[in-house]
Amino acid sequence: MGDPVASLAKNLASRVDQLLWDCSPFELFSQAELDDRLLQRAKVRLWIQWQNLLLSTSSNSGADAKVISDIEISRAAILAAVSTLKYFTPVQTDWDVDRFADSAKASHPSNAMQQRQKLAKYFVTPSFGRITEPTTLVDKHGRILTWYLPEILMADRVEHVNESIKLLRPVLDQSFPKATEQEKGPWRSQGFAIPSGGGEFGAGRVTLCPGGFMQQHERLQDLLYQSSTLSLPAVQLWLSEMTATEQFWSAITSIIAPHQYLAGMQSVSSLKLMVKTSHPVVWPSEFSGIEVIVNRETPHH
């Protein structure tokens, strides 16, 4: 059996390429200059396809949530193609992302406001207004900061993701600090709001990682360990329910952030050889960690 993420990524990339070719079979550039007329025509053609697809695929009711449907791939492909064309007329900041990254420092949440005020002196927060359409956000040099892809997930997929959280309820409840510990606990255990009666999902946080260092044991000669939570039956059941969705997200990342995708997949692949555990899991994501946070107002950090 081949790699399902690689297969999804290949399928998605092929569809994006075909969509871009179909919407504008002629070169968008004329004598090294962008032809605005052809670009606008290509955008309109793709936008019409997107609107028609939305009208015809508002629901995927009855589909197996553990399988990514052809409709879902089509939606993702069209949105990625639309945003690719939007790159030529992007929403743009007036600062350099590398300089911003060099100036931004990891800090305790209690210092977050001071950090933001300091950054604001040198990097003006852009005001783009409300963005409702697929959009590409770039820095002053055209380097992509964000791909905004609204409605890329069908309502049924979103509902499945939300419903699956209920499987983690016992683990989430145990992760929440006791009443006597809340005030003196670390900031990561603060800010939770438990609904009356516990609500549908409870409150808490669950950290999942296929391999990482233990705290204060981060030398090259130290061993890597799998999160202990991954051995819990409830977590394994949740991960099984979320596998297809996580693989789909990874495939989308392969289109919009290919370098990040390759680095992530290589990292996760390497962990399989470096981590020894009696409860191995099939990790479904190109990200090397997942944190489920429920009913919490997280501080700026």
Side-chain angles (χ1 to χ4, degrees), residues 2-21 28-29 34 39 42 46 68 72-106 119 123 126 128 131 134-150 152-153 208-213 218 220 224 242-275 282-291 301:
D3 181 351
V5 177
S7 178
L8 269 174
K10 183 177 180 180
N11 189 350
L12 189 57
S14 176
R15 295 196 190 198
V16 172
D17 288 344
Q18 189 62 50
L19 282 165
L20 291 173
W21 173 256
L28 290 176
F29 289 89
L34 182 65
L39 176 61
L46 274 177
I68 302 301
E72 291 179 287
I73 297 174
S74 294
R75 286 170 67 109
I78 291 182
L79 272 183
V82 169
S83 292
T84 298
L85 292 184
K86 287 290 186 76
Y87 175 76
F88 295 109
T89 54
V91 174
Q92 192 166 24
T93 70
D94 62 358
W95 38 258
D96 181 299
V97 66
D98 286 338
R99 289 191 61 198
F100 182 89
D102 290 340
S103 301
K105 298 179 180 178
L119 287 172
F123 306 95
F128 299 133
I131 300 174
T135 305
T136 305
L137 285 78
V138 302
D139 77 348
K140 65 184 297 182
H141 301 298
R143 286 174 292 191
I144 296 175
L145 303 176
T146 301
W147 291 58
Y148 178 55
L149 305 173
I152 195 168
L153 294 182
L208 310 175
C209 179
F213 290 111
E218 300 176 357
L220 291 178
L224 296 177
M242 284 293 296
T243 290
T245 304
E246 290 287 349
Q247 290 171 345
F248 187 40
W249 289 338
S250 292
I252 294 170
T253 303
S254 75
I255 300 297
I256 65 177
H259 297 298
Q260 175 183 308
Y261 165 77
L262 290 174
M265 293 301 287
Q266 290 171 2
S267 174
V268 171
S269 179
S270 297
L271 286 175
K272 295 177 182 178
L273 304 175
M274 300 171 66
V275 178
V282 178
W283 190 250
S285 174
E286 53 99 6
F287 294 99
S288 58
I290 298 173
E291 184 146 31
H301 61 288

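We use all heavy atoms of the structure for the numbers below, so side chains are in, but hydrogens, waters and symmetry mates are not.
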Within this structure, what is the [atom1]-[atom2] distance for the pair [X] and [Y], rounded to the nearest 0.5 Å?
{"X": "Tyr148", "Y": "Leu137", "atom1": "OH", "atom2": "CG", "answer": "10.5 Å"}
{"X": "Thr84", "Y": "Ile255", "atom1": "OG1", "atom2": "CD1", "answer": "8.5 Å"}
{"X": "Met242", "Y": "Leu208", "atom1": "CE", "atom2": "CG", "answer": "10.5 Å"}
{"X": "Phe248", "Y": "Ile73", "atom1": "CZ", "atom2": "CD1", "answer": "6.5 Å"}

Are [X] and [Y] packed together at the side-chain level, in the sense that at least one heavy-atom pair is separated by less than 4.5 angstrom?
{"X": "Ile78", "Y": "Arg15", "result": "no"}
{"X": "Val282", "Y": "Thr243", "result": "no"}
{"X": "Arg143", "Y": "Asp96", "result": "yes"}
{"X": "Phe123", "Y": "Arg99", "result": "yes"}

Does [Y] offer a backbone N or O that forms a donor-acceptor pair with the side chain of [X] under 3.5 Å?
{"X": "Gln92", "Y": "Asp139", "value": "yes"}
{"X": "Ser7", "Y": "Asp3", "value": "no"}
{"X": "Lys86", "Y": "Pro134", "value": "yes"}

Taking Leu145 as the fixed residue, which of Val138, Thr136, Val91, Thr93 is the one that meets the side chain to side chain contact (heavy atoms under 4.5 Å, CB included) rule?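 The passing option is Thr93.
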
Sequence neighbours left out, what passes side chain to side chain contact (heavy atoms under 4.5 Å, CB included) with Ser285? Give chain and number order.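 Side chain to side chain contact (heavy atoms under 4.5 Å, CB included) check on Ser285 returns Glu246, Ser250, Trp283, Phe287.
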
